[in-house]
Amino acid sequence: MRYCTQCILPDTRPGISLDADGVCTACHGHRDKETRIDWTAREAAFQTLVQQTKARAQGYDCIVPVSGGKDSWYQVIMARKYGLSVLAVTWRTPARTEIGQKNLEAMIRNLGVDHIDYTISPDVERRFMKAAFEERGTTGLPMHMALFAIPIRLAVQLRIPLILWGENPQLEYGGNELERLSDTLDSDWLARHGCLESTDADYWCGKEGLTKSELLAYQVPRETDFTVRSVFLGAFFKWNSYENARAAQEAGFEYGKQDLKIGTWDFADIDCDFISLHHFLKWYKFGFTRDFDNLSVQIRYGMIDRGEAIAQIKAKGWQAPEQDIAAFCRFQGKPDSWFWSVCEGFRNTDIWVKQAGVWYIPDFLIPDWQWT
Ligand SMILES: [Zn+2]
């Protein structure tokens with residue numbers, strides 16, 4: 001395992017590679033944002049996109065996929081600012097938090113948009129999550145499949161010409177040059193970066209008794225008679241998670257230290273009790289935690305230096321989202337021991353080594369880490 005010399009991301013993170021100087025693709029993305037991308041030209045391109053969209057719209061101009069989190073507030077604010085009529089669409093997590101519900105309701109009310117809170121049968125969600133967790137070690141796969149497929153399906157069926165997604169993850173968290181400069185979320189992007197493990201809804205048909213009709217909401221339409229432009233807002237305007245949180249807060253978004261679930265940002269990952277599990281499994285598969293993601297962004301924003309980030313990780317030590325794990329096991333009707341044994345099955349032995357009964361990562365970022 002090697003780590004970026006500027007931030008603290010390891011080269012095991014999907015999308016990350018290090019150049020000859022040991023600088024990662026996410027740090028190159030930041031450099032692109034600061035020095036290479038002409039944001040004035042990008043804004044002009046967005047205005048052209050808005051005009052083209054309005055010329056094609058027969059009803060709503062655009063769908064904004066929202067969770068109620070800070071980024072979705074920013075997406076809606078920007079869509080409205082540029083004169084787009086918005087249908088906000090949510091994939092309703094089966095484990096929405098109280099603060100998540102409150103923020104979503106406030107967003108719809110304060111920003112004044114129509115909204116669909118799309119709910120899949122909780123029993124289908126449960127079985128799909130069980131299958132994805134046991135077979136692929138990911139609880140987040142059904143979530144990702146649903147939150148991408150539902151807005152795309154609705155856009156095609158309701159003849160809405162534009163979908164406005166949030167950040168371009170390849171620009172913020174590491175991707176190759178072509179991907180960093182792209183503005184489009186299409187089926188090719190979904191296959192490579194949608195966290196879908198190279199599967200589609202059809203693949204999961206029959207597992208845990210899931211039927212084709214139960215999986216309808218997860219199915220991205222293939223042949224369509226209506227073309228939808230599907231773009232990242234973060235390709236047109238310089239993305240900054242802290243500024244998004246501030247803009248959202250000014251409009252009524254609420255968060256606080258008590259809402260911190262995982263990572264170091266109390267304004268992120270707060271909508272759903274199960275999101276922390278998606279991040280937690282990266283420890284077994286890739287040897288890093290959500291703190292590495294959050295703190296690396298803070299380094300790039302110039303808020304802290306690399307040494308401070310490492311000190312924060314060391315001071316915090318290893319933590320599991322115990323409450324969320326318990327909630328997930330209750331949802332599944334399984335004991336906690338089931339969760340831990342599945343996690344263990346996905347420990348990546350390319351990076352983990354067992355010595356005297358204790359698993360550890362040779363060459364870990366912090367040499368005197370307390371392995372448990
Ligand atoms: Zn880096």
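In listed order, ligands and their atoms are each counted from 1. The chain is numbered in sequence order, starting from 1.
Of all protein N/O/S atoms, those under 2.8 Å from the Zn ion (ligand 1) are Cys4 SG, Cys7 SG, Cys24 SG, Cys27 SG, and waters are not counted.
Contacts classified as ring-ring contact (aromatic ring centres under 6.0 Å, His included) and involving residues 205-230 (residues at least two apart or in different chains) are given here: Phe128-Tyr218.
Applying the salt bridge (charged side-chain N to carboxylate O under 4.0 Å, His left out) test to Lys257 and every residue at least two apart in sequence or in another chain returns Asp266.
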Counting only pairs under 3.5 Å, give me each side-chain donor-acceptor contact of residues 330-337, with atom names and distances, residues two or more places apart or in other chains.
{"from": "Gln332", "atom 1": "NE2", "to": "Arg126", "atom 2": "O", "distance (Å)": "2.9"}

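If you check the side chains of Tyr284 and Trp352, you find no donor sitting under 3.5 Å from an acceptor.
The NZ atom of Lys70 sits 9.5 Å away from atom CD of Gln75, with the distance rounded to the nearest 0.5 Å.
Atom NZ of Lys316 has more than 12 neighbouring heavy atoms from other residues, nucleotides or ligands inside a 6.0 Å radius.
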